[in-house]
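Everything numeric here is computed off the predicted structure, so don't read it as measured data.
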Amino acid sequence: MAPLWPRRLLLPAVLGLGGRRRGRAAALGPPGSGSGSAARPCSGGGGGVLRHLLLKLRATGPLTVAEYMREALTNPGQGYYTRRGGVGGDFVTAPEVSQLPGEVSARRHGPASRGRGGLRPRLRAAPGPCQLVGLWCLSEWMAAGRPAAMQLVELGPGTGALTDDILRVFKQLASLLSKCDVSIHLVEVSPKLSETQAQMLTGGKVQSNSEDEAAYMKGISKTGIPIYWYRGIQDVPQGYSFYLAHEFLDALPIHKFQRTEKGWREVLVDIDPEAPDQLRFVLSPSSTPATENFIQPEETRDHVEVCPEAGVLIQRLASRIEKDGGAALIADYGHDGTKTDTFRGFRNHKLHNVLKAPGTADLTADVDFSYLRKMAQGKIATLGPIKQREFLKNMGVDLRMQVLLQNSRDSATREQLLHSYDMLMNPKKMGDRFHFFALLPHHRLTPPHKEHNLQSKSPLPPVAGFGELLLK
């Protein structure tokens, strides 16, 4: 879970849905999964955020969970991320902590094999996990016939570690990209984080743009590739692009719903009448606008979480990919419409009650990939979700691990490698909980039915990560 809500793309609220309802609300018992959002009353202790919420609740009534998350995380004065300049720190993120150390070993090596789109580089070994994302982009770029220009767009790039790893891959395969106009586009709203990214990617050599320009800052990477910063995806230029959302969606605000004998009711946050300085979950006395708009008729679960802002983002990406080509790769904690209560908090790297001391803990909910698939509305094809350990295995992480262990000269390095590998691949850690999900043009999976294509003997190559990547 990336602890970077303010640096994440701040999408507009969806029609103001999920408004507050007046009237007596039913107290809600503990949700089924017990994931940390149990509805027992919680002591405050959140300082400014709690006082602000108590005043707001007394004046307007219960809040939706989405409104509560916004206040707890991004309140201008005391929000969890606001006070940290966009940086959380109560939960580890894969790019900064869990990557396998070592230099990228992807390179042109010996004779190249010919595949769809031209020559494919033979790889001496696969790079580390974050660098494998760069290899994924190159694989899809080649499958598309090597377009003359390629934009790499990262949403909520954090410290810039993922983009830095990808640029390292691009440098190693510079000869492959010699005729491609590559540019980097970062969607970042936090001034502090954009400075951190600029330092990592350019050495701090950037310049600010005038307010009438789409990008508010630009620079040149240490490897000579132009980089641009934007406050929203709508400002990123149209064109053939790869969109990356790594641990980005899981901190966007969610609405929670509970099935009852009277139908679906929205889960709200209210003051505990028996403890005026504490919060509790309650059920709306009747259906809310969010209930009417977000619950699908075929829903079989008794408890559902929906993230409207994630749906808006997927619709925008789908329209862009349908028009300009490219792809999107989403990597996050999530499920395929099977889980119920995943709303939880983290403080000091431990689970923390979501209603206790708002503004002092990171809040998150697993991504519902089935909802993202529905929001694509058939404009594009989707693949996944696939478990991280399967995606990385398909991308050749085991081979990379073997090479790194063979080249390790001390026990400390080997121990670090094994620890990182275990964190990434162990089913009880990130291996099964973290998933990859791709958005692609329909023609990437199903070629157009034209005579010359029907006569072609070259089948479409598998999508890297979702099928085995052949390494030689």
Side-chain angles (χ1 to χ4, degrees), residues 1-10 81 84-89 91-104 106 127-138 150-174 177 182-209 214-233 235-237 241-251 328-332 362 420 424:
M1 176 198 61
L4 299 168
W5 161 239
R7 69 163 168 87
R8 298 169 190 269
L9 183 61
L10 298 178
Y81 295 119
R84 291 162 172 76
V87 180
F91 198 81
V92 296
T93 60
E96 285 84 11
V97 178
S98 300
Q99 66 175 299
L100 299 180
E103 292 295 320
V104 180
C130 293
Q131 296 151 355
L132 288 173
V133 175
L135 188 58
W136 184 89
C137 294
L138 288 179
M150 174 176 61
Q151 296 185 157
L152 180 71
V153 183
E154 187 179 0
L155 310 178
T159 63
L162 176 59
T163 293
D164 188 52
D165 278 336
I166 293 174
L167 287 173
R168 198 171 293 124
V169 173
F170 287 0
K171 180 181 179 180
Q172 289 288 331
L173 298 175
L177 292 165
V182 180
S183 56
I184 305 296
H185 304 262
L186 305 179
V187 178
E188 179 59 79
V189 298
S190 167
K192 182 175 181 179
L193 280 170
S194 62
E195 291 178 6
T196 301
Q197 297 152 14
Q199 186 63 41
M200 172 172 282
L201 300 174
T202 73
K205 299 178 181 179
V206 295
Q207 66 182 62
S208 299
N209 290 336
Y216 65 82
M217 188 168 70
K218 62 182 178 181
I220 301 294
S221 77
K222 298 174 183 178
T223 56
I225 294 178
I227 304 179
Y228 304 89
W229 279 262
Y230 309 85
R231 292 186 175 85
I233 192 173
D235 298 325
V236 177
S241 305
F242 289 102
Y243 302 92
L244 304 178
H246 192 282
E247 300 182 74
F248 174 79
L249 300 180
D250 64 322
L329 186 63
I330 297 170
D332 225 317
D362 195 3
S420 297
L424 290 165

Distance, nearest 0.5 Å, that separates CG of Leu201 from CH2 of Trp229: 6.0 Å
Any His185 side-chain heavy atom under 4.5 Å of Tyr243 side chain: no
Straight-line distance of Glu188 CD to Leu155 CG, nearest 0.5 Å: 10.5 Å
Option passing side chain to side chain contact (heavy atoms under 4.5 Å, CB included) with Cys137 (candidates Leu132, Leu152, Leu329): Leu152
Heavy-atom side-chain proximity of Leu186 to Gln197 below 4.5 angstrom: yes
Distance-minimising heavy-atom pair for Val153 and Ser241: CG2-CB, 4.2 Å
CG-SG distance between Leu135 and Cys130, expressed to the nearest 0.5 angstrom: 13.0 Å
Gly134 backbone acceptor or donor facing Asp165 side chain under 3.5 Å: no
Gap between atom CD1 of Ile227 and atom NZ of Lys218 - 0.5 Å precision: 13.0 Å
Nearest-0.5 Å distance, NZ of residue Lys222 to OG1 of residue Thr202: 7.5 Å
Separation of Leu244 CG from Thr163 OG1 (nearest 0.5 Å): 7.0 Å
Shortest non-hydrogen contact between Tyr230 and Ala214, atoms and distance: CD2-O, 3.6 Å
Those residues that, when tested against Thr223, pass side-chain contact (heavy atoms from CB on, under 4.5 Å) (two or more places apart): Leu167, Lys171, Ser221, Ile225
Side-chain heavy atoms of Tyr228 within contact of Val236, under 4.5 Å: no
Side chain Glu154, main chain Leu162, donor-acceptor under 3.5 Å: no
